[in-house]
Undergrad: 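First, the structure itself, so that you have it in front of you.
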Amino acid sequence: MKKHKLKKIIKYCIKLFKSSNIYYGHNTYNATSETIHLIYSILNINIKKKINEIKNIKINKKKKNKIIYLAKKRIKNKIPIAYLTNNTWFCNKKFFINKNVIIPRSPISKIIKKKFFFIKNKPKYILDLCTGSGCIAILCSYIYTKSKIDATDISLKALKIAKKNILFHKKKKQIKIIHSDLFKNIKKKYDLIISNPPYVNKKDIKYLPKEYLYEPKIALITKNNGTYIIQKIIKQYNKYLNKNGYIICEVGHQKKKIIKLNKNIKFQWIKFKNKNNNIFYIKK
């Protein structure tokens with residue numbers, strides 16, 4: 001059977017994506033990044049490997065055709081790569097993904113990479129509120145190997161994916177899944193609460209690129225112009241934090257509204273180089 005050089009397929013896909021009008025943003029940033037996520041997923045290549053390290057690999061016709069087929073489907077239907085391949089990478093860790101969870105891309109990843117630089121004491125108990133695919137809970141478990149972590153979500157479909165990822169990363173003993181509408185079924189206190197909740201205004205969904213429409217609305221949209229769930233978290237979190245505990249929460253483009261609604265709270269906004277300062281933390 002004839003083998004095909006990966007180098008040619010990589011070039012073809014990059015050219016194909018560059019000439020298209022697809023939107024980048026679901027953990028990919030340009031045509032090259034899009035190609036890497038597609039090819040590395042299909043061939044099960046470690047994301048840490050650079051293109052130059054794998055370009056001379058030869059693959060069979062079946063795999064070549066699959067890559068090209070999915071690349072064209074990506075362009076035609078505007079389906080994000082993660083949903084076409086059912087996996088993605090977040091902080092260089094691989095996660096199973098389907099349309100029941102949003103694709104991990106939160107800037108919380110930058111805090112994780114810096115190992116929660118502003119937290120001095122290692123948290124014994126951690127809560128990942130609105131866990132989705134379970135990625136944040138799992139990444140926390142790699143940093144805080146002795147912490148007990150609860151991963152909660154209102155969506156049972158999302159929790160099935162989280163469970164699959166927890167088992168894949170062999171974190172079953174460390175991470176517990178809880179079906180809960182925010183704090184409703186939470187019975188204890190934590191040293192660290194992390195949340196990337198829904199914060200998109202329903203009216204704004206029509207202005208988003210088509211790629212976002214494939215994601216579950218329950219994970220994106222909320223009431224009160226996008227502030228409803230964040231406000232519920234702010235009003236309740238204090239009851240579930242231990243002394244000197246922290247809450248970290250992403251608010252997206254709702255930052256100004258959140259500040260206006262909570263003038264009595266001194267939010268600490270985490271600064272990033274790209275000025276995307278939409279994550280706050282509060283110490284109890």
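We're numbering straight along the sequence, starting at 1.
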Undergrad: Shortest non-hydrogen contact from I102 to A219?
TA: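 Scanning both residues completely, I find the closest heavy atoms to be CG2-CB, 3.4 Å.
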Undergrad: Without swapping roles, check the side chain of K255 against the backbone of G252 for a donor-acceptor pair under 3.5 Å.
TA: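 Such a contact is absent between K255 side chain and G252 backbone.
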Undergrad: Calculate, to the nearest 0.5 Å, the distance between atoms CG and NZ belonging to L159 and K164 respectively.
TA: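 Answer rounded to 0.5 Å: 15.0 Å.
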Undergrad: Can you tell if the side chain of Y214 reaches within under 4.5 Å of the side chain of N77, non-hydrogen atoms only?
TA: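 SC-SC contact between Y214 and N77 confirmed.
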Undergrad: Taking atom types as modelled, find out whether K203 and N225 have a side-chain donor-acceptor pair closer than 3.5 angstrom.
TA: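 On atom types as modelled, these side chains do not qualify, holding no pair under 3.5 Å.
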Undergrad: Between F17 and Y24, does the ring-ring contact (aromatic ring centres under 6.0 Å, His included) criterion hold? Intermediate values first, please.
TA: CA-CA 10 Å; F17 290 138; Y24 304 108; 7.4 Å; no
Undergrad: If two hydrophobic side chains count as joined below 4.5 Å and joins carry through other members, does I193 share a cluster with I112?
TA: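 No, it is not one cluster - the side chains of I193 and I112 are not joined through contacts under 4.5 Å.
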Undergrad: With a 4.5 Å limit on heavy-atom distance, are the side chains of F95 and I138 in contact?
TA: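 Touching, per the 4.5 Å side-chain cut-off.
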Undergrad: What is the minimum heavy-atom distance between Y83 and P216, and which atoms define it?
TA: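 Closest pair (atom of Y83, atom of P216, distance): OH-CD, 3.9 Å.
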Undergrad: Do L139 and I108 land in one hydrophobic cluster if side-chain heavy atoms of ILVMFWY residues count as linked below 4.5 Å?
TA: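 Yes, because L139 and I108 connect within a single hydrophobic cluster, where side-chain heavy atoms sit under 4.5 Å apart.
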Undergrad: Can you tell which of K187, K188, K176 makes a salt bridge (Lys or Arg N to Asp or Glu O under 4.0 Å) with D150?
TA: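 For D150, the salt bridge (Lys or Arg N to Asp or Glu O under 4.0 Å) check succeeds only for K188.
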Undergrad: Side-chain heavy atoms under 4.5 angstrom apart, residues restricted to Ile, Leu, Val, Met, Phe, Trp, Tyr: same cluster for Y142 and I126?
TA: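 Yes: a chain of side-chain contacts under 4.5 Å links Y142 to I126.
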Undergrad: Report yes if some heavy atom in the side chain of P198 is under 4.5 Å from a heavy atom in the side chain of Y228; otherwise report no.
TA: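 No - every pair of side-chain heavy atoms lies 4.5 Å or more apart.
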Undergrad: Quick one: does any side-chain atom of S195 pair with a main-chain N or O of L129 as donor and acceptor, under 3.5 Å?
TA: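 Indeed, once roles are kept as given, a pair shorter than 3.5 Å links the two residues.
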Undergrad: Evaluate the side chain to side chain donor-acceptor pair (under 3.5 Å) criterion for residues N86 and N98: first the C-alpha distance (whole Å), next the side-chain angles of each, then the deciding distance (0.1 Å), finally the verdict.
TA: CA-CA 6 Å; N86 288 125; N98 69 12; over 6 Å; no
Undergrad: For Q254 and N201, work out which heavy atoms get closest and say how close.
TA: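 What the structure gives for the nearest pair is NE2-N, 4.3 Å.
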Undergrad: Table please: side-chain donor-acceptor pairs of residues 37-47 below 3.5 Å, with sequence neighbours left out.
TA:
residue, atom, partner, partner atom, Å
H37, ND1, S33, O, 3.2
H37, NE2, N27, O, 3.4
Y40, OH, K49, O, 2.9
Y40, OH, I51, N, 3.4
S41, OG, H37, O, 2.6
S41, OG, N87, OD1, 2.8
N44, OD1, K94, NZ, 2.7
N46, OD1, K48, N, 2.9

Undergrad: Taking it one step at a time, do I54 and I10 satisfy side chain to side chain contact (heavy atoms under 4.5 Å, CB included)?
TA: CA-CA 10 Å; I54 57 101; I10 289 168; 3.8 Å; yes
Undergrad: According to a hydrophobic-cluster definition based on side-chain heavy atoms being under 4.5 Å apart (Ile, Leu, Val, Met, Phe, Trp, Tyr only), do I230 and I154 belong together?
TA: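 Shared cluster, no.
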Undergrad: Between Q174 and K171, does the side chain to side chain contact (heavy atoms under 4.5 Å, CB included) criterion hold? Intermediate values first, please.
TA: CA-CA 5 Å; Q174 196 178 353; K171 298 292 184 177; 3.9 Å; yes
Undergrad: Look at the side chain of D191 and the backbone N and O of P123, then say whether any donor-acceptor pair between them is shorter than 3.5 Å.
TA: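 No, D191 side chain to P123 backbone: no donor-acceptor pair under 3.5 Å.
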Undergrad: Quick one: closest heavy-atom pair of K64 and I9, and the distance?
TA: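 Heavy atoms only, the tightest pair is CG-CD1, 3.7 Å.
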Undergrad: Give me the atom names and distance for the closest heavy-atom approach of N100 to A158.
TA: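 Of all heavy-atom pairs spanning N100 and A158, the closest is O-CB, 3.9 Å.
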Undergrad: Taking all heavy atoms of F96 and all of S133, pick out the closest pair and write down the distance.
TA: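 In terms of heavy atoms, the two residues are closest at O-CB, 4.5 Å.
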Undergrad: Decide yes or no for K172 and L167: does some side-chain heavy atom of the first lie under 4.5 Å from some side-chain heavy atom of the second?
TA: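 When only atoms from C-beta onward are counted, L167 and K172 do touch, with a gap below 4.5 Å.
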Undergrad: One pair to check against side chain to side chain contact (heavy atoms under 4.5 Å, CB included): H4 and N60. What are the steps and the verdict?
TA: CA-CA 6 Å; H4 301 268; N60 60 39; over 6 Å; no
Undergrad: Between E250 and S106, do the side chains contain an N or O donor and an N or O acceptor separated by less than 3.5 Å?
TA: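 Judged by distance alone, the side chains do pair up.
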Undergrad: Would you mind reporting whether I258 and N262 have side-chain heavy atoms less than 4.5 Å apart?
TA: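 Yes, their side chains come closer than 4.5 Å.
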Undergrad: Rounded to the nearest 0.5 Å, how far does CG of D204 lie from CD1 of I221?
TA: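 CG of D204 is found 9.5 Å from CD1 of I221.
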Undergrad: Is I229 reachable from I194 through a run of I, L, V, M, F, W or Y residues, each pair having side-chain heavy atoms under 4.5 Å apart?
TA: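 No, it is not one cluster - the side chains of I194 and I229 are not joined through contacts under 4.5 Å.
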Undergrad: Carefully, step by step, assess I81 and E34 under the rule side chain to side chain contact (heavy atoms under 4.5 Å, CB included).
TA: CA-CA 7 Å; I81 286 292; E34 196 84 13; 2.9 Å; yes
Undergrad: Quick one: CD1 on I136 to OG1 on T131, what's the gap to the nearest 0.5 Å?
TA: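 Reported to 0.5 Å precision, the distance equals 7.0 Å.
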Undergrad: Test side chain to side chain donor-acceptor pair (under 3.5 Å) on Q236 and K239 and set out the steps.
TA: CA-CA 6 Å; Q236 298 177 54; K239 298 176 187 176; over 6 Å; no
Undergrad: Just verifying a value: how many Å separate L127 CG and I186 CD1, rounded to the nearest 0.5 Å?
TA: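 Reported value, rounded in 0.5 Å steps: 5.0 Å.
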Undergrad: Is a donor on one side and an acceptor on the other found under 3.5 Å between the side chain of S180 and the backbone of L182?
TA: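 Flag set: sc S180 to bb L182 pair under 3.5 Å.
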Undergrad: In the structure I gave you, are the side-chain heavy atoms of F267 and V251 within less than 4.5 Å of one another anywhere?
TA: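 A side-chain contact is absent here, since even the closest heavy-atom pair is not under 4.5 Å.
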Undergrad: Would you call the rings of Y212 and Y23 parallel, tilted or perpendicular, where under 30° means parallel and over 60° means perpendicular?
TA: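 Tilted.
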Undergrad: Working to the nearest 0.5 Å, report the span between CG of N52 and NZ of K7.
TA: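 N52 atom CG to K7 atom NZ measures 9.0 Å (nearest 0.5 Å).
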Undergrad: Quick test of your reading of the model: are R74 and E211 salt-bridged, counting only N-O distances below 4.0 Å?
TA: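 Looking at R74 and E211, the cut-off is met.
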Undergrad: Side chains of V200 and T222: closer than 4.5 Å at any heavy-atom pair?
TA: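 Result no, sub-4.5 Å side-chain heavy-atom pair not found.
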Undergrad: Determine, for Y69 and K66, whether the Lys NZ or Arg CZ falls below 6.0 Å from the six-membered ring centre while staying within 45 degrees of the axis.
TA: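 No, K66 and Y69 do not form such a contact.
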Undergrad: Could you note down all residue pairs passing ring-ring contact (aromatic ring centres under 6.0 Å, His included) where residues 173-201 supplies at least one of them, sequence neighbours left out?
TA: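 Found F183-Y240.
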Undergrad: Is it true that atom OH of Y207 has more than 12 heavy atoms of other residues, nucleotides or ligands lying nearer than 6.0 Å?
TA: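 Open: at most 12 neighbouring heavy atoms sit under 6.0 Å from OH of Y207.
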Undergrad: Any chance you could measure L192, atom CG, to L241, atom CG, to the nearest 0.5 Å?
TA: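 Answer rounded to 0.5 Å: 8.5 Å.
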Undergrad: Do K163 and K160 come close enough that some side-chain heavy atom pair is under 4.5 Å?
TA: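 No, every pair of side-chain atoms sits at 4.5 Å or beyond.
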